Every structure is written in C-alpha cells, then in structure tokens.
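Remember, it's 1-based here, ligands and their atoms both numbered in the order they're listed. Worth saying up front: this structure is predicted, and the values here are computed from it rather than measured. What's counted below: heavy atoms across the whole structure, side chains too, no hydrogens, waters or symmetry copies.
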Amino acid sequence: MLGASILLTVAVAAQVVLATPIARSAYSVKETHYAPRRWTQKGRAPRGQMLSLQIAVKQGDFEELERNLYEVSDPSHSRYGQHLSHEEVNALVKPKDEALDLVHEWLLFNGVDKFDYSPSKDWINIKISVEDAERLLATEYSTYVHEDGTEQSRTTKWSLPLHLHEHIDTIQPTTSFMRAVPRSVQFKEFENVVIPADYKPPTDKTLARVCTINGTTPECFKTLYKTLGYKQKVPGKNKIAFNNFLGEVPIRPDAEIFLKKYEPKAVKGAYEFKFVSIDGGPQQDNASSPEQIAAGTSREANLDVQTIIGMTYPMPVIAYTTGGEPPQTPDAAAGDPPGNEPYLAWVTYVLKQRDLPQVISTSYGDDEQTVPLEYAKRVCSSFAQLGARGISLLFGSGDGGAGDIAGNDAELCISNDGKNTTKFIASFPASCPYVTTVGATQGFQPEVAAYRPANSLGPDGKLHGYYASGSGFSEYFPRPKYQDAAVKPYLKKLGNLHEGLYNPAGRGYPDISAQGLYFEYVWNATNGVISGTSASTPLLSSVLALVNDALIADGKAPLGFLNPWLYEKGYKGFTDILSGGNGGCNTTGFPVTKDWDAVTGFGTPVFPTIVKLAKGNH
Ligand SMILES: *[C@@H]1O[C@H](CO)[C@@H](O)[C@H](O)[C@H]1NC(C)=O
Ligand SMILES: *[C@@H]1O[C@H](CO)[C@@H](O)[C@H](O)[C@H]1NC(C)=O
Ligand SMILES: *[C@@H]1O[C@H](CO)[C@@H](O)[C@H](O)[C@H]1NC(C)=O
Ligand SMILES: *[C@@H]1O[C@H](CO)[C@@H](O)[C@H](O)[C@H]1NC(C)=O
Ligand SMILES: *[C@@H]1O[C@H](CO)[C@@H](O)[C@H](O)[C@H]1NC(C)=O
C-alpha cells in the first residue's frame with residue numbers, strides 16, 4: 001500500500017493547482033494490490049461484461065462518527081446507550097459538496113448519468129461494462145480464477161484523474177478479491193465425528209444429560225449458558241437477523257424437522273422467520289431442489305437458522321439474503337454480475353433502513369489480504385455506522401487457527417505484499433475493530449478452545465479435517481484503545497513466540513467465543529453434524545439477543561456495539577477458557593491463556609451474569 005499513500009500526496013499537491021474543477025486532469029495510479037494467493041490471471045475480462053462499480057466518496061467526518069460511536073458504547077460515558085438516529089449518522093458521514101460535485105462531473109463527462117446512492121451519499125453505485133470501466137479508470141480488467149474454480153473480473157492497478165484522488169477512497173470491484181466464504185466446516189467429506197482424545201463427559205448431572213460432544217443441541221447450549229427458562233418479554237420489539245451470501249438460503253422444511261426433534265415448542269418458527277432479499281438474493285419456502293443438494297447449498301444457512309430459532313423462539317428472526325453470488329463460472333447471459341461485493345451490497349441496503357434488528361450474525365469472511373486496505377477501511381467504517389445506531393454485529397473468527405481460513409498449511413500462509421514471506425493470515429471482517437468477533441470452543445466441563453487436528457488423507461494427497469478457532473491480529477487495523485488493557489498483557493505472555501509472523505500492534509481477535517464443534521442440524525431432510533465459528537456466531541448472537549430482551553423490557557437501550565462495554569466490564573459475564581489447541585500455518589498457533597487470549601477472547605457467556613452487568617450500566 002506504500003504506492004497508494006505516496007500517490008495521495010501527489011494528488012493533494014495537484015488539487016491546489018487545479019483550483020477550477022475539471023473533469024479531465026491527468027490520470028495517475030490511485031491503487032495497486034497484489035492478486036492474492038490461489039488466484040491465477042487468465043486473460044482479459046470479456047469487454048461487454050457488466051460491473052456494478054461502487055465508488056467510495058470520502059466521508060465528511062468519520063472521526064466524529066467514531067468519537068460518537070465510542071461515547072455511546074462506553075459504559076462509563078454519560079452518553080452510554082444514547083444511540084444515534086439514522087439521520088444523525090448520515091449527517092456525519094455525508095461527503096463534502098465539493099467532493100460529490102467533482103465526482104459527478106467526472107462521471108457525466110464520461111457518459112455515466114445513472115447513479116444509485118447510499119443514504120448519506122458516501123457510496124455511489126454505477127452499472128457499467130468492463131470496456132467503459134477500463135476507460136473510466138485507465139486500467140485493464142482480467143479474468144482471475146481461484147483454485148476452487150470461482151472466476152472474478154479484477155485488476156491489480158487502477159487510476160483516477162489527479163484532482164479526484166483526495167475525494168475518492170476506493171472504487172470496487174477493482175483490486176478486491178474478497179469473497180464471503182462460509183465459516184462452516186463439514187467433516188463428512190473425509191471422515192465422521194472424531195471424539196477428542198482428552199475429552200471427558202461433564203461431571204455435572206444436568207449437563208451430562210443434555211450435552212454430548214458428538215452432537216450438541218439447543219437444550220445443551222441453554223443449559224450450559226444458562227438461558228434455560230428465560231421468558232422473553234418484548235419479542236417483536238426485539239429482533240435478531242443473520243446474513244446469507246453465495247446463494248445460501250435457509251430451508252424451512254429442514255428447520256421444521258430440526259425443531260420438531262430438538263425444540264418442539266419452536267417448531268412454528270420454521271415458517272415464521274422472514275426473508276429480506278437484497279440484490280436478488282434467493283428466498284424460498286419449499287425444500288431444497290436437487291440442484292441445490294448437488295451443489296451442497298444451504299448447509300451454512302440451515303445451521304444458522306436452526307441454531308437461532310432453537311435458541312430465541314418466539315423472537316422474530318430475519319434472514320437477509322444478498323444476491324450476486326460468484327458462480328463457478330459467471331453466466332453473463334443469465335445476468336450474473338461478476339464479482340459482486342456482497343458485504344457492501346448488504347450494508348448499503350441495511351444502512352437505508354430505519355428499523356433494524358438489534359443483533360446481526362454473520363458467519364462469512366475471507367483472508368484479510370484478499371481485501372485492499374482502503375476498501376477494508378470503508379467496509380469497516382460502514383459497520384461503525386451501524387454500531388453507532390445501536391446494532392450489535394457479530395462475525396465468525398474463521399476456522400484456520402492463526403492461519404488462512406482454509407486450513408493448517410504453511411503454503412497458504414504467504415504474505416501478499418510481493419515479498420512472499422511466511423505470515424499468519426488475518427481474517428476480514430473479523431479484524432475490523434467496530435465488530436464483535438466470535439471464536440469457537442468444544443467440550444463442557446471445562447470448555448476448551450475448538451481444535452481438531454488434520455487426520456484423514458484426502459484425494460489431493462494432503463491431510464484434511466483440520467479445524468481450529470480463528471485467531472490473530474490484523475495487519476490493517478491498529479489495536480483500538482478499548483483493547484489495550486486486555487491485549488497488552490497477552491502480548492507480554494507471548495514474548496518472542498511467533499515473532500515476525502503477526503502484527504503485535506494490530507486489532508486482536510476474537511473478542512468472545514461459544515461452542516463450535518459438531519452441532520446437530522438438518523440438511524437435505526437428514527440429520528447430521530456441522531462445526532465452525534459459523535456455529536459459534538449465531539449461538540452467541542442468540543444469547544446476546546436474549547440479553548437485549550431483558551434490557552429493552554426494562555426500558556434500557558440494547559447492547560449496541562459491544563466491545564467497549566465488553567472490555568471494560570462485560571467480560572466478567574464470560575467464562576474464561578484456559579486450554580485447548582490452536583494452530584495454523586503449520587505452527588502451534590496462539591496459546592490459550594488465563595484472561596483474554598487470541599483464540600477464545602474472554603470466553604463463553606453466562607447469561608444471567610451478563611444481564612446483571614448490562615443492567616447495571618444505567
Ligand atoms: C456419542 O453419541 C451417542 C448418541 O448419539 C452417545 O450415546 C455417546 O455417548 C456419545 N459419545 C460421547 C463421547 O459423548
Ligand atoms: C421449490 O419452489 C421453486 C419455485 O418456487 C421451484 O423452482 C423448485 O423446483 C421447488 N423445489 C421443490 C423441491 O419442490
Ligand atoms: C511471489 O510469488 C509470486 C506467485 O507465486 C511470484 O510470481 C513472485 O515472483 C514471487 N515474488 C518473490 C519476490 O518471490
Ligand atoms: C439427499 O437425500 C436423498 C434422499 O434421502 C439421498 O438419496 C441423497 O443421497 C442425499 N444427498 C446428499 C448429497 O446427501
Ligand atoms: C510442517 O512442520 C513439520 C514439523 O515442524 C515439518 O516436518 C513439515 O515439513 C512442515 N510442512 C510444511 C508444509 O511446511
């Protein structure tokens with residue numbers, strides 16, 4: 001990113017010279033980003049292919065928004081809980097008129113006259129062909145193919161007229177290779193359930209009756225985290241939502257089978273949850289089609305919806321489905337927009353809404369290094385806008401320990417800065433400081449960090465089955481102040497372990513954790529088990545949504561952006577996880593320790609204690 005920051009300085013100097021706005025000043029490179037590992041360039045992108053370009057116009061006053069976010073989220077501040085309105089947030093981030101005028105002028109000059117805006121106009125969306133985008137950005141798009149067959153039209157370098165450099169943060173899709181990859185891990189492909197060698201069943205009689213490690217259920221979670229017997233007081237006022245990308249869609253008849261067996265009182269929930277479809281995201285009421293089954297679609301969506309309804313019924317549940325999935329080969333004739341940016345489409349939609357669910361669970365992510373810095377910052381700042389409005393956003397931390405989301409392979413842990421050094425690979429949006437990131441545990445008395453070593457030989461000659469709670473430190477986002485007291489002592493304990501492999505000055509994650517191994521679920525009308533921080537995230541989101549019920553019923557504000565509260569006092573409502581494995585990049589990964597650690601954060605929830613702590617805020 002060195003190149004980008006140097007160019008920005010040039011642009012500022014140029015602006016002084018170009019006092020009168022002109023549509024065409026000389027172009028200069030705005031951004032370069034290496035194509036991440038596992039993506040191969042395969043010739044020019046089809047020139048007629050349509051792109052949905054998102055232009056990030058510099059926000060008016062993000063620092064002020066951030067200050068507001070921290071004040072309303074900090075329990076020792078007098079404004080705690082006084083979340084901002086839709087209008088207040090938009091007013092803070094709305095770009096300066098000059099910036100919007102110059103961007104419009106440039107687009108009109110280039111024959112683009114149809115725009116779509118985010119509510120504060122900090123994002124401008126245009127539909128444009130590859131050929132026109134190439135002219136607009138003085139670049140060339142290529143087709144890039146991922147090892148798994150996915151194709152995206154991308155470039156590694158693009159330009160802007162000099163006078164626009166200071167007004168536009170980024171334009172995507174250009175250099176971003178990020179995809180919303182589901183965090184759920186299925187072991188069936190290679191092997192079925194394997195009980196960890198050191199596993200001991202719970203000694204507590206009640207727990208022993210409801211919790212078995214080879215198939216965890218809502219009854220087990222409710223007992224373990226002590227939400228059992230809690231009667232909701234304001235379902236309807238209080239809501240929960242979860243995200244679906246990549247064609248994933250929760251299947252009602254599967255949810256019905258699951259709930260009948262594991263949470264019969266909630267069985268109506270299978271037909272009551274609401275779809276909110278964004279950009280043509282799928283919705284359906286019937287069983288999976290043979291095509292969906294053949295493609296393995298909806299495992300993630302089913303896990304999410306079944307966990308959430310099992311834990312929170314009768315709370316209203318919203319399933320966001322965002323379209324624009326990157327199919328294995330984009331079919332332009334069928335209107336598949338190549339390389340859509342799913343988080344952005346989703347967050348842009350959500351930011352337009354006045355009435356939002358108070359907790360939103362997202363079990364998707366990608367390696368941070370697939371996302372260019374400026375783009376990651378803007379997506380992350382959109383999450384801050386939701387936080388300021390009092391929405392809790394939870395993201396899974398990943399399933400590859402300290403490494404790449406895909407597993408424990410040294411070959412996958414190579415830096416994306418042209419130097420090809422071995423590095424732990426952080427995960428995004430998990431690394432964003434304005435979201436709450438969720439790690440995974442297993443076992444019950446005690447719970448330990450979720451870890452499963454690779455143990456079965458796949459057809460590719462490599463060992464598969466590895467899974468470890470995603471952990472680490474951002475390469476992009478510095479450690480936020482609220483983490484200092486918790487993370488600095490952990491860094492001290494690490495000493496020189498893994499020195500050079502991670503960024504000790506970065507935002508550490510996860511923040512908290514929950515069960516994440518062998519969840520019972522139903523897919524293809526069949527019972528099975530599934531694991532991942534994908535499972536932990538909807539589970540923890542459900543517990544926090546119940547906390548919001550207790551708060552709202554008492555006339556108090558919902559939890560909102562959790563972290564400042566969590567790191568100041570909320571952590572006392574979580575059971576510290578003291579042991580368990582990690583790994584990643586063919587190393588031992590990060591150690592699990594007393595107090596906060598980069599594998600399980602502060603640990604797993606104790607519902608009544610969290611409610612007590614949260615109520616004490618006001
Ligand atoms: C595994 O599951 C079966 C029931 O499905 C149970 O009988 C058995 O005790 C479980 N094993 C462990 C180690 O929990
Ligand atoms: C479900 O409904 C959709 C359209 O509503 C249809 O295309 C699909 O074939 C149906 N699938 C099954 C299994 O009935
Ligand atoms: C880094 O790896 C890429 C892809 O394998 C290769 O093209 C490039 O030459 C390597 N760079 C260095 C400095 O080794
Ligand atoms: C889906 O269920 C059908 C009917 O039970 C079964 O024949 C088929 O093998 C299952 N498919 C997969 C991929 O599990
Ligand atoms: C992983 O580590 C082991 C032991 O340290 C070593 O034998 C092996 O070659 C390493 N594998 C890779 C791919 O680096």
Side-chain angles (χ1 to χ4, degrees), residues 2-3 32-42 142 144-147 154 156-157 175 177 184 186-221 223-224 247-248 251 253-258 261-262 286-303 367 369-370 404 409-423 425 441-448 450-452 515-531 585:
L2 197 59
T32 56
H33 184 78
Y34 288 88
R37 297 264 133 192
R38 285 176 287 158
W39 288 95
T40 316
Q41 192 177 6
K42 195 195 88 177
S142 300
Y144 284 86
V145 189
H146 190 270
E147 272 173 14
R154 291 292 185 271
T156 52
K157 183 164 96 180
T175 47
F177 289 77
S184 56
Q186 289 108 40
F187 299 120
K188 266 213 170 127
E189 226 174 300
F190 298 104
E191 197 177 348
N192 283 313
V193 169
V194 178
I195 304 294
D198 54 359
Y199 173 69
K200 288 189 196 72
T203 49
D204 178 278
K205 282 220 179 74
T206 315
L207 269 187
R209 188 173 51 74
V210 294
C211 290
T212 156
I213 196 169
N214 56 14
T216 48
T217 62
E219 194 185 10
C220 168
F221 306 141
T223 310
L224 189 62
E248 287 282 313
I251 302 297
D254 286 344
E256 186 181 20
I257 299 171
F258 175 84
K261 179 157 178 192
Y262 296 111
N286 57 8
S288 300
S289 66
E291 293 73 27
Q292 285 173 316
I293 295 302
T297 306
S298 288
R299 288 186 157 114
E300 176 68 60
N302 280 5
L303 166 65
D367 295 338
Q369 65 173 5
T370 65
D404 177 278
D409 195 335
E411 287 162 32
L412 301 175
C413 294
I414 296 173
S415 70
N416 191 38
D417 52 5
K419 297 188 195 119
N420 299 350
T421 48
T422 302
K423 274 257 179 195
I425 306 296
T441 62
Q442 67 187 36
F444 312 102
Q445 262 191 323
E447 279 185 83
V448 302
Y451 175 67
R452 176 180 145 129
Q515 289 280 311
L517 187 73
Y518 302 139
F519 276 38
E520 289 285 354
Y521 88 131
V522 171
W523 178 78
N524 187 26
T526 310
N527 287 279
V529 291
I530 191 165
S531 306
C585 307

For ligand 4, find each of its N or O atoms that sits under 3.5 Å from a protein N or O atom, and tabulate the pairs with distances to one decimal place.
| residue | atom | partner | partner atom | Å |
| --- | --- | --- | --- | --- |
| ligand 4 | 2 (O) | Asn524 | OD1 | 3.1 |
| ligand 4 | 2 (O) | Asn524 | ND2 | 2.4 |
| ligand 4 | 11 (N) | Asn524 | ND2 | 2.9 |
| ligand 4 | 14 (O) | Asn524 | ND2 | 3.3 |

Exercise. Return yes or no for this condition: an N or O of Asn214 is under 3.5 Å from an N or O of ligand 1.
Key: yes
Quiz item: Taking only residues two or more places apart in sequence or in another chain, which ones pass salt bridge (Lys or Arg N to Asp or Glu O under 4.0 Å) with Arg38?
Solution: Asp367, Asp404
Practice problem: Hey, can you tell me if Phe221 and Phe519 have their rings parallel, tilted or perpendicular (30° and 60° cut-offs)? | Solution: tilted
Side-chain donor-acceptor distances from residues 197-209 under 3.5 Å, at least two apart:
| residue | atom | partner | partner atom | Å |
| --- | --- | --- | --- | --- |
| Thr203 | OG1 | Gln445 | OE1 | 3.0 |
| Asp204 | OD1 | Thr206 | N | 3.0 |
| Asp204 | OD1 | Leu207 | N | 2.8 |

Practice problem: Check each of Asn214, Thr217, Thr216 against Glu520 using the side-chain contact (heavy atoms from CB on, under 4.5 Å) test, and report the only one that passes. | Solution: Thr217
Quiz item: Are the side chain of Thr526 and the backbone N or O of Asn524 linked by a donor-acceptor pair below 3.5 Å?
Solution: yes
Quiz prompt | Side chain Glu248, main chain Glu300, donor-acceptor under 3.5 Å | solution = yes
Self-check item: Sub-4.0 Å atoms of ligand 3 with respect to non-hydrogen atoms of Gly418
Solution: 11 (N), 12 (C), 13 (C)
Quiz item: Sequence neighbours excluded, which residues qualify as salt bridge (Lys or Arg N to Asp or Glu O under 4.0 Å) partners of Lys42?
Solution: Glu151
Exercise. Kindly confirm or rule out an N or O of Asn420 lying under 3.5 angstrom from an N or O of ligand 3.
Key: yes
